[in-house]
2 protein chains.
Amino acid sequence: MKKQRDKADIVSVARLAGVSAATVSRALNHPQLVHPATRKKIDLAIRKSGYIRNRAAQTIHGRRSATIGLVVPTIADVIFSELIQAFNDAVSARGFTLLLAAHGYDLANEYALVRKLLEHRVDALALIGLDHGADTYRVLREQGLPVLAVWNYDPASMISCLGVDNAEAGRIAADHLLMLGHRRIAAIFPDTGENDRARLRRAAAMAALQAASIQTPEGWRVRTPYSTAQAKRACLDLLAAADRPTALLCGNDVIAQGALYAALKLGLSVPRDLSIIGIGDFVGSAELEPALTTIRIPARRIGAAAAEHLADSVDSEAGQPLARTRFDCELIMRATTAPPPA
Amino acid sequence: MKKQRDKADIVSVARLAGVSAATVSRALNHPQLVHPATRKKIDLAIRKSGYIRNRAAQTIHGRRSATIGLVVPTIADVIFSELIQAFNDAVSARGFTLLLAAHGYDLANEYALVRKLLEHRVDALALIGLDHGADTYRVLREQGLPVLAVWNYDPASMISCLGVDNAEAGRIAADHLLMLGHRRIAAIFPDTGENDRARLRRAAAMAALQAASIQTPEGWRVRTPYSTAQAKRACLDLLAAADRPTALLCGNDVIAQGALYAALKLGLSVPRDLSIIGIGDFVGSAELEPALTTIRIPARRIGAAAAEHLADSVDSEAGQPLARTRFDCELIMRATTAPPPA
DNA sequence: AATAGTCTTGCAAATGTTTTCATGAAAATG
DNA sequence: CATTTTCATGAAAACATTTGCAAGACTATT
């Protein structure tokens with residue numbers, strides 16, 4: 001008489017409602033196919049028994065898992081947090097649940113995570129950027145589920161993508177500094193090995209400088225991870241030198257924030273003594289004192305659009321064609337940039 | 001001859017390897033039970049066919065889903081990001097996949113999300129704090145899966161919990177300001193209706209002030225959401241007044257950050273003219289200029305410990321007893337607090 | 001009133017795995 | 001060499017659901 005694992009399943013609900021399991025299933029998945037009165041009885045039985053349907057069972061039947069995967073480099077930072085939240089909200093609103101994984105900027109690890117998500121039979125999958133292992137690309141191709149590279153726009157991408165042109169972002173940032181009259185410009189970027197976003201931004205920025213016949217000394221091409229703390233340290237060294245740049249072009253806003261703090265710590269006045277520009281326009285960048293000049297990447301819109309795109313692909317069954325969507329990025333001029341000191 | 005939905009399943013792998021499906025299953029789940037030679041053949045067949053096991057099928061069989069749910073108020077902010085990352089990493093290292101959901105500080109929404117996670121048959125579930133709807137508590141009790149309230153420690157909690165004593169955090173913050181000699185103290189907190197963390201911190205801080213026979217005027221009890229931007233605006237009003245406090249006790253670090261920016265914007269010198277203390281010690285708080293004095297909540301340790309606890313509960317099958325784990329919070333004295341101006 | 005059409009429902013097969021039980025082979029023991 | 005023990009494997013049942021098919025109950029049409 002133990003009630004032990006007395007978990008209500010669909011047949012116990014059916015029994016309670018005096019109908020067959022099939023009818024309960026239909027009431028849940030295709031309500032228009034069952035008589036309102038029966039539906040009512042079933043609702044009651046569900047309520048009474050505390051039944052919670054088992055998605056695994058419907059997944060196994062070949063139906064969708066109602067799950068969408070998102071693989072990001074990191075969650076511990078503010079970098080992708082707006083994107084993740086927007087993606088999560090949109091996906092949730094469409095009835096899916098988010099399976100999230102973070103690989104810590106390690107593509108080998110990313111592959112493992114992607115496999116894990118596929119084991120759970122996600123209906124669709126979003127990745128950040130277009131730099132992925134060959135094995136990742138292969139397994140995604142084999143499985144043939146809707147996949148989307150988010151954050152980057154690349155007209156030559158192998159898979160659908162939706163985001164901004166990172167080269168453009170880098171170019172705009174460089175142009176802004178040039179236009180203000182800066183010629184002594186340092187570039188602070190993370191390692192660009194497995195990070196196409198940083199690579200494209202950096203390459204475009206450097207090209208723009210080169211085009212203005214500016215060459216930056218080796219010491220002004222700083223490499224630091226996406227971390228405010230480490231960026232601050234790196235910039236302290238850079239700025240303490242007698243011969244320092246008049247402007248800092250930062251790979252993203254968390255680096256820019258570190259740079260700003262370093263400048264403030266050294267008693268430099270921003271933007272009088274030093275201009276700083278970031279890329280991203282993350283939450284909080286507008287509130288910094290002085291407020292950060294940056295290139296806006298519309299993270300919320302990208303996240304929401306990505307979710308919608310994938311949800312549509314899943315709902316429409318039909319194999320969607322490759323789609324590339326480009327979002328504009330935009331210079332947000334705030335208070336950390338000005339012409340160089342005379 | 002179309003290969004259409006030719007997805008490899010366990011029997012196709014078995015056929016390819018010349019063994020039975022049962023053996024393939026064993027090779028995957030209990031490798032020690034199958035002969036090394038057969039294992040090799042099976043590995044090869046798996047490789048060759050691109051087989052990816054179907055977790056749904058093993059979930060349905062009553063085995064675990066290898067999934068752990070985490071429900072947080074928000075991801076778009078830095079507040080829980082360290083916790084989420086640590087939780088994710090630890091859960092991942094134990095072979096589980098994270099199902100993440102954010103409810104936006106709305107307990108009704110939280111209930112819906114919890115149900116959704118239960119539909120996916122998460123093996124365990126973590127929630128933030130102990131304020132949850134009655135329906136949430138009920139459904140969790142009924143389902144009887146390992147559940148953990150993270151972030152808060154409460155000796156009277158109805159479910160297992162793991163975190164800090166928020167009242168203590170509030171008290172420490174208040175005591176620190178009192179010890180420095182402040183008597184004109186404003187408190188900036190979010191709405192405490194459905195947020196026990198904020199409520200406990202605030203109540204304890206107010207009690208400490210009261211005990212020192214300090215009463216704060218109505219206008220100094222500011223209410224603002226957990227948002228740097230909104231906190232900054234609220235503090236601008238507060239600090240612009242002729243009669244302003246000498247210290248700001250902030251509900252968490254993102255509010256404190258907003259407060260700091262407001263002070264800087266008004267040309268106040270922190271900590272000479274104004275002291276600011278936060279709670280949380282989020283990423284970036286140490287790098288602010290001046291660096292933020294705050295009460296450290298060991299988010300990474302809490303996240304990792306929570307994940308380990310839940311993974312253990314799942315692995316050990318046996319119904320774990322209610323467990324309450326307390327983490328200490330600690331005053332981190334940095335550069336935003338000092339004695340009040342003479 | 002007979003027939004055709006529309007709703008509503010139940011039966012049973014199917015989904016991809018895990019696991020219990022049984023069986024035969026190989027190894028260890030006397 | 002006979003017997004017991006251990007090991008490796010397969011057959012089949014079980015898991016919780018969805019859905020194609022068919023049949024029964026109504027409704028509308030002649």
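Proteins come first, then strands; the chains are lettered A, B, ... in the order of their sequence lines, and each starts at number 1. Values reported hereafter were calculated over all heavy atoms of this structure, with side chains retained and with hydrogens, waters and symmetry mates removed.
- The separation between His35(B) atom NE2 and dG10(D) atom C1' is 17 Å, rounded to whole Å.
- Regarding Leu28(B), its CG atom lies at a distance of 16 Å from the P atom of dG16(C), rounded to whole Å.
- Pairs engaging residues 102-135 of chain A under the ring-ring contact (aromatic ring centres under 6.0 Å, His included) rule: His132(A)-Tyr137(A) [sequence neighbours left out].
- Using a 4.0 Å cut-off between a side-chain N of Lys or Arg and a carboxylate O of Asp or Glu, Asp312(B) and Arg94(B) qualify as a salt bridge.
- Contact check, Arg63(A) against dT19(D): a side-chain N or O comes under 4.0 Å of OP1 or OP2.
- Screening residues 22-57 of chain A for ring-ring contact (aromatic ring centres under 6.0 Å, His included) gives no qualifying pairs among residues at least two apart or on separate chains.
- Closest approach of Ala90(A) and Ala307(A) over heavy atoms only: CB-CB, 3.4 Å.
- Among the protein residues, Thr38(A) comes within range of the sugar-phosphate backbone only, with heavy atoms under 4.0 Å from sugar or phosphate atoms but none that close to a base.
- Distance Glu119(A) CD to dT17(C) C1': 13 Å, rounded to the nearest Å.
- Residue His30(B) has a polar side-chain atom (N or O) positioned under 4.0 Å from OP1 or OP2 of dT19(C).
- Between the two ends of the helix from dA1(C)-dT30(D) to dG30(C)-dC1(D), each summarised by a five-pair axis, the helix axis turns through 30° (rounded to 10 degrees).
- One interatomic measurement links the two molecules: NZ of Lys40(B) to P of dA8(D), which rounds to 16 Å at whole-angstrom precision.
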Quiz item: Tell me, for nucleotides 11-17 of chain D in 5' to 3' order, what letter each nucleotide earns: B for a base near a protein heavy atom under 4.0 Å, S for only sugar-phosphate near one, - for neither?
Solution: B--BBBB
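- Salt bridge Glu119(B)/Arg115(B): absent, no basic N to carboxylate O contact under 4.0 Å.
- In plain terms, the two heavy atoms of Val72(B) and Leu100(B) that are nearest each other are CG2-CD1, 4.4 Å.
- In this structure, Lys41(B) contributes its side chain and Leu16(B) its backbone to no donor-acceptor pair below 3.5 Å.
- Atom CD1 of Ile42(B) and atom P of dA8(D) are 12 Å apart (whole Å).
- A search for salt bridge (Lys or Arg N to Asp or Glu O under 4.0 Å) contacts involving Arg121(A) returns nothing, not counting sequence neighbours.
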Check residues 77-84 of chain A and write down every donor-acceptor pair under 3.5 Å in which the side-chain atom is one partner and the other belongs to a residue at least two apart or another chain.
from     : atom 1 : to        : atom 2 : distance (Å)
Ser81(A) : OG     : Val78(A)  : O      : 3.0
Ser81(A) : OG     : Ala76(B)  : O      : 3.4
Glu82(A) : OE2    : Arg300(A) : NH1    : 3.1

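- Rounded to an integer number of Å, the gap from NE2 of His120(A) to P of dT17(C) is 14 Å.
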